[in-house]
**Q** 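Here it is, the structure, as structure tokens.
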2 protein chains.
Amino acid sequence: MNDLLALDNQICFSLYAANRAITARYRPLLAGLELTYPQYLVMLVLWERAQAGQATRVSDLGARLRLDSGTLTPLLKRLAMRGLVRRERSVEDERVVTLSLTRQGEELRELAERVPHKLLCGLNIAPERLLALRNELNALLSVIETPAGKEPSA
Amino acid sequence: MNDLLALDNQICFSLYAANRAITARYRPLLAGLELTYPQYLVMLVLWERAQAGQATRVSDLGARLRLDSGTLTPLLKRLAMRGLVRRERSVEDERVVTLSLTRQGEELRELAERVPHKLLCGLNIAPERLLALRNELNALLSVIETPAGKEPSA
DNA sequence: TTGAAATAAATTGTGCACAATTTAAATGTG
DNA sequence: CACATTTAAATTGTGCACAATTTATTTCAA
């Protein structure tokens, strides 16, 4: 029987295992920055937006990373406690919390710059292949996130 | 600058986001079985091995799913509490815990059989494309898990 | 055979994810 | 204005992941 239920036939398991394996590869590199992997992703967004001169609210982070305040609030508190990030209630709208980088948070970027290269070096896989995989994953992601019934805008 | 640090350029983020998005798609389907996604993966292995007449130890599960006892022990206790799984100390080697399915655990398989098909239907993506993606992910996984310096056996 | 080393699970502690609820502020409507 | 609705973040509670340690058992060697 062409067993749909077999572990090996489930795309889900490949994704699950590959994601954890990649994360495990990042871990020792990020240990040097004293960042967890999700913290690293948050910092990436903050660095990117700061460079573009954009202010960042908790909900902006959430939209970019697909995470809610239940995940982000405690994570951001930890980053703030470490002195990397400032969390301030917006003056125009008291519901909003605005995030900004401290000097220390900005400076950490320089260390972080070396992480992607180090990761690639340790991976022994053709970069084009990774790029292709990334594109496929992004395509899958956009299909998943498109509400059912929606055709791709022609 | 060809910014290696940009979120969009990080394979890691695509994997992270795609994995969570797929998991989120499984969640409502698995809710009918009252299983979480990792519990579902554990049951897949147990069903598979039971069918092959193989006994399963906690460490077998761990090797297959790349999870350690810190994750598996509490998860298995929950499955046992629900009456799906039996956990028994092996008689030959008291260090080992052997897992087996209860009648109820075996029966749950029938409900689970429908999950993969339902998932695919809701996904609106060509199955061949998913297959190709799965193969790429498995290749990536095996590269990551191959200790550095090892050439693929020629 | 006794004690050291190895092995299998369990335990402890931290940090995500995510559902569900709560709190507080802003917006919209009669 | 008053009050229902919406919105943004925080809070609460559950269940993974995973590092580090512990406990119990087995194996191996002197």
Side-chain angles (χ1 to χ4, degrees), chain A residues 12-13 15-28 30-31 34-43 55-82 85 87-99, chain B residues 12-13 15-28 30-31 34-43 55-82 85 87-99:
Chain A
C12 68
F13 176 64
L15 257 176
Y16 170 79
N19 176 50
R20 287 192 302 122
I22 281 274
T23 305
R25 281 295 188 122
Y26 271 95
R27 204 168 293 123
L30 296 179
E34 294 184 88
L35 289 178
T36 66
Y37 182 73
Q39 286 167 8
Y40 171 69
L41 295 179
V42 164
M43 293 301 291
T56 303
R57 312 183 311 165
V58 173
S59 55
D60 295 328
L61 266 182
R64 195 84 169 82
L65 300 175
R66 280 80 169 172
L67 292 171
D68 66 11
S69 67
T71 301
L72 290 172
T73 297
L75 188 157
L76 290 166
K77 281 183 179 172
R78 276 174 220 120
L79 292 180
M81 204 130 58
R82 276 201 46 208
V85 159
R87 302 163 64 241
E88 290 160 316
R89 284 278 161 190
S90 159
V91 228
E92 312 97 71
D93 187 337
E94 288 272 348
R95 291 171 302 180
V96 169
V97 167
T98 302
L99 306 166
Chain B
C12 68
F13 177 64
L15 257 176
Y16 170 79
N19 177 50
R20 287 192 301 122
I22 280 274
T23 306
R25 282 297 188 120
Y26 271 95
R27 205 168 292 122
L30 296 178
E34 293 185 88
L35 289 177
T36 66
Y37 181 74
Q39 286 168 9
Y40 171 69
L41 294 179
V42 164
M43 293 302 290
T56 303
R57 312 182 312 164
V58 172
S59 56
D60 295 327
L61 265 183
R64 195 83 170 84
L65 300 175
R66 279 82 168 172
L67 293 170
D68 66 12
S69 66
T71 301
L72 290 173
T73 297
L75 187 158
L76 290 166
K77 282 183 179 173
R78 276 173 220 120
L79 292 180
M81 204 131 57
R82 276 201 45 208
V85 159
R87 302 163 63 241
E88 290 161 315
R89 285 280 161 189
S90 160
V91 227
E92 311 97 72
D93 186 337
E94 288 273 348
R95 292 170 302 181
V96 169
V97 166
T98 302
L99 306 167

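A note on names: the letters A, B, ... follow the listed sequences, proteins ahead of strands, and every chain is numbered from 1.
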**Q** Counting just side-chain N and O atoms, does R87(A) come under 4.0 Å of either OP1 or OP2 of dA9(D)?
**A** no
**Q** Starting from C1' on dA8(D), measure out to CD on E88(A) and report it in whole angstrom.
**A** 17 Å
**Q** Whole angstrom is fine here: how far is it from CG in L76(A) over to C1' in dT11(D)?
**A** 15 Å
**Q** Both P74(A) and R89(B) contact DNA chain C. Which one's nearest nucleotide lies toward the 5' end?
**A** R89(B)
**Q** Could you tell me whether the side chain of Y16(A) and the main chain of L41(B) form a donor-acceptor pair under 3.5 Å?
**A** no
**Q** Under 3.5 Å, is there a donor-acceptor pair between the side chain of N19(B) and the main chain of I22(B)?
**A** no
**Q** Would you indicate, yes or no, if dG15(D) has its OP1 or OP2 atom less than 4.0 angstrom from a side-chain nitrogen or oxygen of Q39(B)?
**A** no
**Q** Check the phosphate of dT14(C) against R78(A), side-chain N and O only, distance under 4.0 Å to OP1 or OP2. Yes or no?
**A** no
**Q** Atom CZ of R82(B) and atom C1' of dT14(D): how far apart are they, to the nearest Å?
**A** 15 Å
**Q** Taking only heavy atoms on the protein side, list every residue of residues 90-98 of chain B lying under 4.0 Å from any atom of DNA chain C, sorted numerically.
**A** R95(B), V96(B), V97(B)
**Q** With sequence neighbours excluded, tell me which residues meet side-chain contact (heavy atoms from CB on, under 4.5 Å) with R66(A).
**A** L141(A), E145(A), F13(B), R20(B)
**Q** With side chains defined as the heavy atoms from C-beta onward, is the minimum distance between L99(A) and R57(A) less than 4.5 Å?
**A** no
**Q** Quick one: side-chain contact (heavy atoms from CB on, under 4.5 Å) partners of E34(B), sequence neighbours excluded?
**A** R82(B)
**Q** Give the rounded distance in Å between these two atoms: CD of E34(A) and C1' of dG15(C).
**A** 15 Å
**Q** Are L30(A) and T36(A) side-chain neighbours, meaning at least one heavy-atom pair lies under 4.5 Å?
**A** no
**Q** Going by the rule salt bridge (charged side-chain N to carboxylate O under 4.0 Å, His left out), which residues pair with R95(A) if we only count those two or more places apart in sequence or in a different chain?
**A** D93(A)
**Q** Quick test: give all pairs of protein nitrogen or oxygen and nucleotides 17-23 of chain C nitrogen or oxygen below 3.5 Å, distance rounded to 0.1 Å.
**A**
from, atom 1, to, atom 2, distance (Å)
dA17(C), OP2, Y16(B), OH, 2.5
dC18(C), OP2, R20(B), NH1, 2.6
dA19(C), OP1, R27(B), NH1, 3.1

**Q** Starting at CE of M81(B), measure out to CG of L79(B) and round the result to the nearest 0.5 Å.
**A** 9.5 Å
**Q** Does a nitrogen or oxygen in the side chain of S59(B) sit under 4.0 Å from OP1 or OP2 of dT7(C)?
**A** no
**Q** Suppose we screen for side-chain contact (heavy atoms from CB on, under 4.5 Å). Which residues come up paired with R27(B), at least two apart in sequence or across chains?
**A** T23(B), A24(B)
**Q** Does K77(A) put a side-chain nitrogen or oxygen below 4.0 Å from OP1 or OP2 of dC16(C)?
**A** no
**Q** In whole angstrom, give the distance that lies between atom OH of Y40(B) and atom C1' of dG15(D).
**A** 19 Å
